[in-house]
Amino acid sequence: MSGTRLTDAAREFADASRDFMKGEAARGSVVGGEGFAARYAALCAEELKRRTQIIIDAAIEAHSDFGSPLHDGVEGEIIDLGMRTLDGVHQGLEGTYQRFLEGFGYASVPASRLAQAYPLHDASVRNVITRHIWTKRHVPMKNQPPASGPTFQFNAPVGAVLTGAGSTASVQQTISTQIDSNALAVTLDALIRALEGSTAVDPEMRAEAVQAVREVGAEAAKEVPNKSKVKTLLRGVREVIKFIPEAGEAFSKLSEWGARIGALLD
């Protein structure tokens with residue numbers, strides 16, 4: 001998946017690393033210090049974000065190139081391929097970071113924090129692919145002919161539907177999972193404030209976690225939230241929350257709501 005583009009991205013990152021060194025030399029930075037390592041770690045984190053988007057774009061393009069199949073399991077197949085590619089990119093960047101700093105005499109290389117950012121990129125890959133497949137399955141294409149056969153609409157409980165030969169009956173039951181919206185809003189606000197006020201993780205990771213919490217809030221506002229999406233978002237936020245103890249209580253409450261709608265975390 002996206003082999004050529006990822007190869008090009010690796011070459012471009014090598015150029016970016018050289019430009020990084022030129023910039024550090026120009027500013028008179030002390031090579032081997034914590035600041036030097038932190039700035040290069042930030043460059044690696046930005047590169048992981050960029051390559052994640054390459055993987056997402058390639059996954060969607062590949063699905064279209066093969067005729068946009070919608071058979072059972074296709075979503076999982078594409079996500080699995082995307083995640084294996086992302087894992088390879090992550091490990092590759094970890095190795096690049098390690099070798100780069102070892103080349104400057106670091107006896108102990110500081111953590112890159114790529115592992116902290118990984119769950120959020122994992123969630124991005126899963127969410128975009130899931131949304132893409134859902135759209136292909138449920139949003140009719142332009143000029144698509146209407147389905148043949150009679151259509152029945154019921155506004156009361158339905159036990160059974162009998163139709164004529166060649167007809168298809170579809171019965172959908174919707175169960176509301178809404179809870180006290182005020183209590184949930186307070187929980188979401190408390191979690192966002194805890195994230196925004198923390199200095200334990202870098203600003204970009206905080207911003208991505210805050211966005212994930214807002215997306216959970218958007219799902220919560222729906223009559224039937226997307227359980228799979230909520231679970232994936234909460235997983236990503238959980239990885240960031242590990243480093244922010246003060247956000248633990250609000251996240252626990254949000255997780256309890258997730259469990260109530262069927263998005264129970266592992």
Side-chain angles (χ1 to χ4, degrees), residues 1-2 6 9-10 12-14 16-17 20 32-56 58-59 79-104 106-129 191-192 194-213 215-216 229-248 250-252 254-255 258 265-266:
M1 174 187 289
S2 59
L6 287 176
E12 291 166 2
F13 186 66
S17 295
F20 170 82
E34 291 185 5
F36 178 85
R39 287 188 292 275
Y40 190 67
L43 184 68
C44 291
E46 186 62 30
E47 181 64 13
L48 178 59
K49 181 178 180 180
R50 185 171 79 99
R51 294 195 202 180
T52 298
Q53 189 59 53
I54 291 174
I55 293 169
I56 290 171
I79 288 176
D80 180 65
L81 183 56
M83 296 317 306
R84 284 189 281 113
T85 306
L86 179 61
D87 185 62
V89 166
H90 171 225
Q91 295 303 323
L93 283 172
E94 285 280 15
T96 297
Y97 170 81
Q98 185 84 14
R99 291 189 297 273
F100 184 85
L101 293 187
E102 286 176 347
F104 291 101
Y106 279 80
S108 177
V109 175
S112 68
R113 293 195 172 184
L114 288 175
Q116 296 179 26
Y118 182 86
L120 294 174
H121 297 308
D122 174 297
S124 293
V125 172
R126 295 177 187 273
N127 289 340
V128 174
I129 293 174
L191 184 52
I192 288 173
L195 285 166
E196 291 180 335
S198 174
T199 57
V201 295
D202 64 69
E204 184 175 338
M205 285 184 63
R206 289 203 309 270
E208 291 178 349
V210 167
Q211 179 59 32
V213 173
E215 289 188 36
V216 171
K229 180 177 181 180
V230 169
K231 185 173 183 177
T232 299
L233 290 168
L234 289 178
R235 279 176 176 166
V237 175
R238 180 175 62 184
E239 294 304 312
V240 179
I241 294 299
K242 291 178 181 178
F243 305 94
I244 310 177
E246 58 271 27
F251 182 74
S252 294
L254 188 58
S255 297
L265 294 180
D266 302 326

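Source: prediction; values computed, not measured.
Counting all heavy atoms, side chain and backbone alike, I129 lies closest to A59 at CD1-CB, 4.0 Å. A pairwise comparison of heavy atoms in A209 and V237 identifies O-CG2, 3.9 Å as the closest pair. The two residues A37 and L101 have their closest heavy-atom pair at CB-CD1, 3.8 Å. In terms of heavy-atom proximity, L265 sits nearest to F251 at CD1-CZ, 4.0 Å. The two residues I244 and A194 come nearest to each other via the heavy atoms CG2-O, 4.0 Å. Closest heavy-atom contact between L234 and G258: CD1-CA, 4.3 Å.
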Side chain to side chain contact (heavy atoms under 4.5 Å, CB included) between L48 and L86: does it pass, once the steps are laid out?
-> CA-CA 9 Å; L48 178 59; L86 179 61; 4.1 Å; yes
Please report the C-alpha distance between F243 and M205 in whole Å, then the side-chain angles of each, then the deciding distance to 0.1 Å, and finally whether the side chain to side chain contact (heavy atoms under 4.5 Å, CB included) criterion is met.
-> CA-CA 11 Å; F243 305 94; M205 285 184 63; 5.7 Å; no
Determine, step by step, whether D122 and M83 satisfy the side chain to side chain contact (heavy atoms under 4.5 Å, CB included) criterion, reporting the C-alpha distance in whole Å, the side-chain angles of both residues, the deciding distance to 0.1 Å, and the verdict.
-> CA-CA 7 Å; D122 174 297; M83 296 317 306; 2.8 Å; yes
Apply side chain to side chain contact (heavy atoms under 4.5 Å, CB included) to R50 and E47, showing your working.
-> CA-CA 5 Å; R50 185 171 79 99; E47 181 64 13; 3.0 Å; yes
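For Y118, the ring-ring contact (aromatic ring centres under 6.0 Å, His included) test picks out H90, with sequence neighbours left out. In this structure F104 satisfies the ring-ring contact (aromatic ring centres under 6.0 Å, His included) test together with F36, F100, sequence neighbours excluded.
Note that the CZ atom of R206 and the CG atom of L195 stand 8.5 Å from one another [nearest 0.5 Å]. Taking OG1 of T85 as the reference point, atom CD1 of I54 lies at 11.5 Å (rounded to 0.5 Å). Once rounded to the nearest 0.5 Å, the distance linking CG of L254 with CD1 of I241 reads 9.5 Å. The CZ atom of R84 sits 12.5 Å away from the CD1 atom of I79 when rounded to the nearest 0.5 Å.
Contact annotation: the side chain of I56 approaches that of S124 to within less than 4.5 Å [non-hydrogen atoms, C-beta and beyond]. Contact annotation: the side chain of R51 never approaches that of H121 to less than 4.5 Å [non-hydrogen atoms, C-beta and beyond]. In this structure the side chain of L191 never reaches within 4.5 angstrom of the side chain of V210, judged on heavy atoms.
Of the charged side-chain nitrogens involved, none lies within less than 4.0 Å of a carboxylate oxygen, so that E239 and R235 do not count as a salt-bridged pair. Under the 4.0 Å criterion applied to side-chain N and carboxylate O atoms, R99 and E102 are not assigned as salt-bridge partners.
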Using residues 109-117 as the side-chain source, report each donor-acceptor pair under 3.5 Å to any protein atom, sequence neighbours left out, with the distance given to one decimal.
| unit_1 | atom_1 | unit_2 | atom_2 | d |
| --- | --- | --- | --- | --- |
| S112 | OG | E94 | OE1 | 2.8 |
| S112 | OG | E94 | OE2 | 3.2 |
| S112 | OG | L114 | N | 3.1 |

